[in-house]
Amino acid sequence: MPGAAQDLIDSPPKYISKTMSQRWELDEADKLGTFRLTSYKPFYITAGRRSNNPNTLPQSENPDYSATEPKPYNNYEARFQLSFKTKVLESFLFGHGDLWLGYSQVAHWQIYNTELSRPFRELNYEPELMLNFPLNFNFLGFKVRMAGVSFNHQSNGRDLPSSRSWNRVMFRVGMERKNLQVYLKPWIRLKDEEDENPLVADYIGRGEATVIYKIKKHNFYLVGTNSLAFDDNRGSLQFNYLYPLKANLRAQLQFFSGYGETLIDYNHKQTTFGLGISFIDW
């Protein structure tokens, strides 16, 4: 035992990419039971993020939620994301359904802005209740592994005029092929009596596609949203490249272009580029 422990110290475990079944406990061999915290979306810190067009005067189609005075935000800021999930019910519908609780949080921190005393420009909170079913059939060369539906709430927890929020019913399907994983996630926005961001779906979109490709030590993932409209088609594209530094610590390069990098920016178009480190990937 002492020898094995010393070997572990001298040679730390290498990062091993998880399969879709391991992420979502689809196969019996991968089930871990309930109320165990596991990763959901990526967990990363980007210390140097640059925007070509900072949103200094957030606007909404609802005038009550439009800023009247600009703030001198810097082009540079830090960004970090954390995300986890836990299974609360296992194999409870026809012996196959799993019910998950998920939570994600994204922060944009004006850490280099001494003029504004380094404030957090935007925090987005995203709790989610997800019902998931394992599948196993072939479609267009892919193996479809899961499908489900979820209730998703996203908000920034701020007051007038900067408050932003929306509720969605999301549908999801996950499929994989060798080193490639694809998640498709269309959604329906639920009506809000006091709408803080009336055209949010026309800008951020009505669906999302996540494509993950891993080859040797190189990890790539692409997240795209789209309004699914023929006229004034909008959305966003986020590209990430990761390379392992040591065990689960990886260098990350992130590029974003489009609308809705945060909720306060839902109708604001910008291009950003950032360098940072990642602890948990898809």
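These figures come from a predicted structure and were not determined experimentally. We count residues from 1, following the sequence as given.
- Connection of Leu249 to Leu275 is not established within any shared hydrophobic cluster, with ILVMFWY side chains joined at heavy-atom distances below 4.5 Å, either directly or through further cluster members.
- With respect to Lys185 and Glu208, a salt bridge is recorded, a charged nitrogen being found less than 4.0 Å from a carboxylate O.
- Taken from CG in Leu199 to CD in Glu61, the straight-line distance is 4.0 Å, to the nearest 0.5 Å.
- Judged by distance alone, the side chain of Thr225 and the main-chain N or O of Ser236 form a donor-acceptor pair under 3.5 Å.
- With rounding to the nearest 0.5 angstrom, the CG atom of Asp98 is 5.5 Å from the CD atom of Glu90.
- Using a 4.5 Å cut-off on side-chain heavy atoms (C-beta onward), Glu261 and Thr272 make contact.
- A donor-acceptor distance shorter than 3.5 angstrom exists from the side chain of Trp187 to the backbone of Gly205, with no hydrogens or angles considered.
- The aromatic rings of Tyr203 and Tyr266 sit perpendicular to each other, their planes meeting at more than 60°, with 30° as the lower class boundary.
- Of all the heavy atoms in Leu57 and Pro70, the pair that sits closest is CD1-N, 3.4 Å.
- Two residues are said to be in side-chain contact when any heavy atoms from C-beta on lie closer than 4.5 Å; Thr271 and Asn53 fail this criterion.
- With contacts defined as side-chain heavy-atom distances shorter than 4.5 Å, the pair Leu26/Asn132 qualifies.
- At a threshold of 4.5 Å between non-hydrogen side-chain atoms, the residues Thr38 and Thr86 do not count as touching.
- Minimum interatomic distance between Asn219 and Arg250 (heavy atoms only, all atoms of both residues): ND2-NH1, 4.1 Å.
- Under a 3.5 Å cut-off, the side chain of Asn75 and the backbone N or O of Ser51 do form a donor-acceptor pair.
- When atom types are taken as modelled, the side chain of Ser21 and the backbone of Asp27 share a donor-acceptor pair closer than 3.5 angstrom.
- From Lys214, atom NZ reaches atom CG of Asn179 across 9.5 Å, with rounding to the nearest 0.5 Å.
- Look at Glu128 and Lys85 and you find no salt bridge, because none of the NZ, NE, NH1 or NH2 atoms lies under 4.0 Å from a carboxylate O.
- When all heavy atoms of Ser162 and Ile264 are compared, the closest pair comes out as O-CD1, 3.3 Å.
- Of the possible donor and acceptor atoms, one in the side chain of Ser227 sits under 3.5 Å from a partner among the backbone N and O of Arg234.
- When every heavy atom of Trp24 is checked against every heavy atom of Met130, the shortest pair comes out as CH2-SD, 3.9 Å.
- Residues Leu184 and Ala209 share a closest heavy-atom pair of CD2-CB, 3.9 Å.
- Using modelled atom types and a 3.5 Å distance limit, the side chains of Arg79 and Tyr44 yield a donor-acceptor pair.
- For Asn233 (side chain) and Ala229 (main-chain N/O), a donor-acceptor pair under 3.5 Å exists by modelled atom type.
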**Request:** Dump the intermediate steps for side-chain contact (heavy atoms from CB on, under 4.5 Å) on Asn113 and Arg118, then the final yes or no.
**Result:** CA-CA 5 Å; Asn113 194 333; Arg118 310 180 194 273; 5.8 Å; no
**Message:** Using ring pair (Phe, Tyr, Trp, His ring centres under 6.0 Å), reason through Tyr76 and Tyr112 one step at a time and then give a plain yes or no.
**Reply:** CA-CA 7 Å; Tyr76 293 92; Tyr112 309 109; 7.2 Å; no
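- Counting non-hydrogen atoms of neighbouring residues, nucleotides and ligands closer than 6.0 angstrom, the NE2 atom of His153 exceeds 12 such neighbours.
- Remark: the backbone N or O of Arg164 is paired with a side-chain donor or acceptor of Glu196 at under 3.5 angstrom.
- Under the 4.5 Å side-chain heavy-atom criterion for grouping Ile, Leu, Val, Met, Phe, Trp and Tyr, Trp166 is not connected to Phe151 through any hydrophobic cluster.
- Evaluated for a side chain to side chain contact (heavy atoms under 4.5 Å, CB included) with Asn74, the options Arg121, Gln110, Glu115 yield exactly one hit, Gln110.
- Under a 4.0 Å N-O distance rule, the pair Lys41/Asp281 does not qualify as a salt bridge.
- Ser60 and Asn197 form no side-chain donor-acceptor contact under 3.5 Å, judged by distance and modelled atom types alone.
- If you check the side chains of Ser104 and Ser83, you find a donor sitting under 3.5 Å from an acceptor.
- Contact check on Asp265 versus Lys269 returns no salt bridge, with no Lys/Arg side-chain nitrogen under 4.0 Å from an Asp/Glu carboxylate oxygen.
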**Residue pair Tyr183, Ile212: steps toward the side-chain contact (heavy atoms from CB on, under 4.5 Å) verdict** = CA-CA 9 Å; Tyr183 294 89; Ile212 305 154; 3.8 Å; yes
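- Linking ILVMFWY side-chain heavy atoms closer than 4.5 Å, directly or via other members, places Leu180 and Tyr241 in a single hydrophobic cluster.
- Asn124 and Glu122 are linked by a side-chain donor-acceptor pair at a separation below 3.5 angstrom, with hydrogens and angles left out of the test.
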**Message:** Assess the residue pair Arg145 and Glu176 against the criterion (side-chain contact (heavy atoms from CB on, under 4.5 Å)); give the C-alpha distance rounded to whole Å, side-chain angles, the decisive distance to 0.1 Å, and a yes or no.
**Reply:** CA-CA 7 Å; Arg145 297 295 288 119; Glu176 59 187 354; 3.5 Å; yes
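- For the pair Gln238 (side chain) and Leu222 (backbone), a donor-acceptor distance under 3.5 Å is absent.
- Formation of a donor-acceptor pair under 3.5 Å by the Asp232 side chain with backbone atoms of Asp202 is not found in this model.
- With respect to Arg50 and Glu77, no salt bridge is recorded, no charged nitrogen being found less than 4.0 Å from a carboxylate O.
- The six-membered or imidazole ring of His218 lies near that of Tyr243, with a centre-to-centre distance under 6.0 Å.
- Within the 4.5 Å cutoff, side-chain heavy atoms of Pro72 are placed close to those of Leu116.
- Under a cut-off of 6.0 angstrom, the local environment of NZ in Lys71 is sparse, with at most 12 non-hydrogen atoms contributed by other residues, nucleotides or ligands.
- When only modelled atom types and interatomic distance are considered, Gln254 and Thr46 share no side-chain donor-acceptor pair under 3.5 Å.
- At most 12 non-hydrogen atoms from other residues, nucleotides or ligands lie less than 6.0 angstrom from CZ of Arg177.
- A salt bridge links Arg168 and Glu126; the closest N-O separation between the charged side-chain nitrogens and carboxylate oxygens is under 4.0 Å.
- By the criterion of side-chain heavy atoms lying less than 4.5 angstrom apart, applied directly or through intervening Ile, Leu, Val, Met, Phe, Trp or Tyr residues, Met175 is not grouped with Met20; the two fall into different hydrophobic clusters.
- Taken to the nearest 0.5 Å, the CZ atom of Arg172 stands 8.5 Å off from the CG atom of Asn152.
- Between Phe255 and Phe273, a ring centre-to-centre spacing not shorter than 6.0 Å is recorded.
- Trp100 has its side chain out of reach of Leu131: every pair of non-hydrogen atoms, C-beta onward, lies at least 4.5 Å apart.
- Between atom OG of residue Ser150 and atom CG of residue Leu99 there is a gap of 10.5 Å, rounded to the nearest 0.5 Å.
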**Item:** Intermediate values then yes/no, ring pair (Phe, Tyr, Trp, His ring centres under 6.0 Å), Tyr259 and His268
**Value:** CA-CA 6 Å; Tyr259 295 92; His268 179 82; 8.3 Å; no
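- Listed for the Thr19 side chain is a donor-acceptor partner under 3.5 Å among the backbone atoms of Gln22.
- Distance check, rounded to the nearest 0.5 Å: OH of Tyr125 to OH of Tyr103 gives 6.5 Å.
- Counted within 6.0 Å of CZ on Phe137, heavy atoms from surrounding residues, nucleotides or ligands total more than 12; the atom is thus considered enclosed.
- Clustering ILVMFWY residues whenever any of their side-chain heavy atoms sit less than 4.5 angstrom apart, transitively, puts Leu123 in a cluster other than the one holding Leu160.
- The closest side-chain donor-acceptor pair between Asn62 and Glu194, if any, does not fall under 3.5 angstrom.
- The environment of Trp109 atom CH2 is sparse: at most 12 non-hydrogen atoms of other residues, nucleotides or ligands sit within 6.0 angstrom.
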